[in-house]
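Single-structure report; data block below.
No experiment lies behind these values; they were computed from the predicted model shown. No hydrogens, no waters, no symmetry mates; every other heavy atom, side chains included, goes into these values. Naming: A, B, ... by sequence-line order, numbering from 1 per chain.
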Protein chains: 2
Amino acid sequence: MELRRLQQSFDAFDEAAAARLGLNRTDLRCLDVVLAEGPVPAGRISVALKLSPAATTTVIDRLERASMVVRSADPGNRRRVLVAATDAARSAEAEIFVPVGQAGAQALRKYGPDDLAVILDFLRTARGVQEEQAARVRAVS
Amino acid sequence: MELRRLQQSFDAFDEAAAARLGLNRTDLRCLDVVLAEGPVPAGRISVALKLSPAATTTVIDRLERASMVVRSADPGNRRRVLVAATDAARSAEAEIFVPVGQAGAQALRKYGPDDLAVILDFLRTARGVQEEQAARVRAVS
DNA sequence: CATTATGTTTCGACATTCGAATCTTTCTGT
DNA sequence: ACAGAAAGATTCGAATGTCGAAACATAATG
């Protein structure tokens, strides 16, 4: 299956990006969330990464030590800790992740509207199959 | 990006499958290799999983304890240990992984030859982009 | 105002991975 | 044929990442 290889290539990219930044994969996913959603409470990261609150705390610790995020108190709710990306994180984003999006967009230009519709439909169909099968597997247990 | 969601759905399926079998993700990937390639030497698993020889030994230990694989000596080279899937592994494969392939094939039937060509081209293009970008990221370090 | 709920952190334990050292078996050069 | 090097897997100790439970601080509720 060609999808398998695509999956592996995603994996390889993530690994390269993590190595480049001196982070592990979990930290990278966390950074991705923080970059995408602006300042987020720690609990939000916990659910996004499907990680226990305890593990989430240490992930944020590591990213903070690496100067990729900063913690700050939520003015509206002082129990909360807001995690925000630093400039270093944003420059890493610009250097590593933005070009992927650009290259992807560029690569898509060779397809006409009809082709793009087929591709999009395929992606959704494939996702539907995966989710359905995941549900089936979960159901038996 | 829709690709992102597809990726996540793959992830969710893998997680469900691992939970169903009481294995962790690494063990599952190892089992996948063993099922796909027949009896394989431990070193082969090591490179396929990008794991150290030491870690590979413990992965095989766990799978053996779970009755999913068996070790046997390679008659042609007694340094080697051949890892083979058990019947339990094959029945897990039939129950969990085979239906995914079937559902996928079924879902693809709605596309004509031209559409399939577009889809295949897209998958290869996307993989090319990812690999190229991974190489770029690796190059800077 | 006492109680409960929410959000995060700390602590101790467990699982996974690695590097280095070890052991056995095979290959190589003489 | 044989000593030394190489290949393949394992063991050992250390480092890392994750979790559950308990603790802590703050907010909401009756």
Side-chain angles (χ1 to χ4, degrees), chain A residues 11-12 14-19 21-34 37-66 68-84, chain B residues 11-12 14-34 37-66 68-85:
Chain A
D11 206 61
D14 282 355
E15 188 179 321
L21 296 175
L23 303 174
N24 66 41
R25 302 283 283 272
T26 302
D27 296 355
L28 191 64
R29 286 197 304 148
C30 176
L31 187 56
D32 194 50
V33 170
V34 174
E37 305 186 18
V40 286
R44 174 78 191 82
I45 297 176
S46 196
V47 309
L49 268 51
K50 287 181 190 154
L51 231 49
S52 71
T56 304
T57 293
T58 74
V59 169
I60 299 170
D61 284 346
R62 286 194 296 265
L63 283 176
E64 197 167 36
R65 214 172 310 123
M68 287 300 187
V69 304
V70 288
R71 276 186 244 241
S72 64
D74 183 335
N77 185 340
R78 287 185 311 187
R79 288 173 298 189
R80 270 193 198 155
V81 167
L82 292 183
V83 181
Chain B
D11 207 60
D14 282 356
E15 188 178 322
R20 176 81 175 68
L21 296 175
L23 303 175
N24 66 40
R25 302 285 283 272
T26 301
D27 296 355
L28 192 64
R29 287 197 304 148
C30 177
L31 187 56
D32 195 49
V33 170
V34 174
E37 305 187 17
V40 286
R44 174 78 191 83
I45 296 175
S46 196
V47 310
L49 269 51
K50 286 180 193 159
L51 231 49
S52 70
T56 304
T57 292
T58 75
V59 169
I60 298 170
D61 284 347
R62 286 193 297 266
L63 284 176
E64 198 167 36
R65 215 173 309 123
M68 287 300 186
V69 304
V70 287
R71 277 186 243 241
S72 64
D74 183 335
N77 185 340
R78 288 183 313 188
R79 286 172 301 188
R80 268 193 200 154
V81 167
L82 291 182
V83 181

Fill in: Asn77(B) side chain, from C-beta outward: closest of dT8(C), dA9(D), dT26(C)
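Selected nucleotide: dT26(C).
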
Fill in: Non-hydrogen atoms of Ala84(B) and Val34(B) that approach each other most closely
C-CG1, 3.7 Å

Send over the distance from [X] [atom1] to [N] [atom2], rounded to a whole Å.
X	N	atom1	atom2	value
Leu82(B)	dA7(D)	CG	P	19 Å
Asp61(A)	dT18(D)	CG	P	13 Å
Leu23(A)	dG17(D)	CG	P	10 Å
Arg25(B)	dT18(D)	CZ	P	13 Å
Leu49(B)	dA9(D)	CG	P	14 Å

Once rounded to the nearest 0.5 Å, what's the spacing between atom [atom1] of [X] and atom [atom2] of [Y]?
X	Y	atom1	atom2	value
Cys30(A)	Ile45(A)	SG	CD1	4.0 Å
Asp27(A)	Leu21(A)	CG	CG	10.5 Å
Leu28(B)	Met68(B)	CG	CE	9.0 Å

Item to complete: Report yes if at least one side-chain N or O of Arg71(B) is closer than 4.0 Å to OP1 or OP2 of dT10(D); otherwise report no.
Response: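 Yes, within the criterion.
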
Fill in: Side-chain N or O of Arg80(A) closer than 4.0 Å to phosphate OP1/OP2 of dA25(D)
no

Fill in: Set of side chain to side chain contact (heavy atoms under 4.5 Å, CB included) partners for Ala42(B), sequence neighbours left out
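Ala42(B) satisfies side chain to side chain contact (heavy atoms under 4.5 Å, CB included) with Ile60(B) once adjacent residues are dropped.
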
Item to complete: Could you say whether Ile60(B) or Arg78(A) is positioned toward the 5' end of DNA chain D, judged by the nucleotide with the nearest heavy atom to each?
Response: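 Nearer the 5' end of the strand: Ile60(B).
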
Discussion item. Is any side-chain heavy atom of Arg25(A) closer than 4.5 Å to one of Asp11(A)?
Written reply: yes

Worksheet, complete the sentence: In B/S/- notation (B base, S sugar-phosphate only, - none; protein heavy atoms under 4.0 Å), nucleotides 17-24 of chain C written 5' to 3' is BBB----B

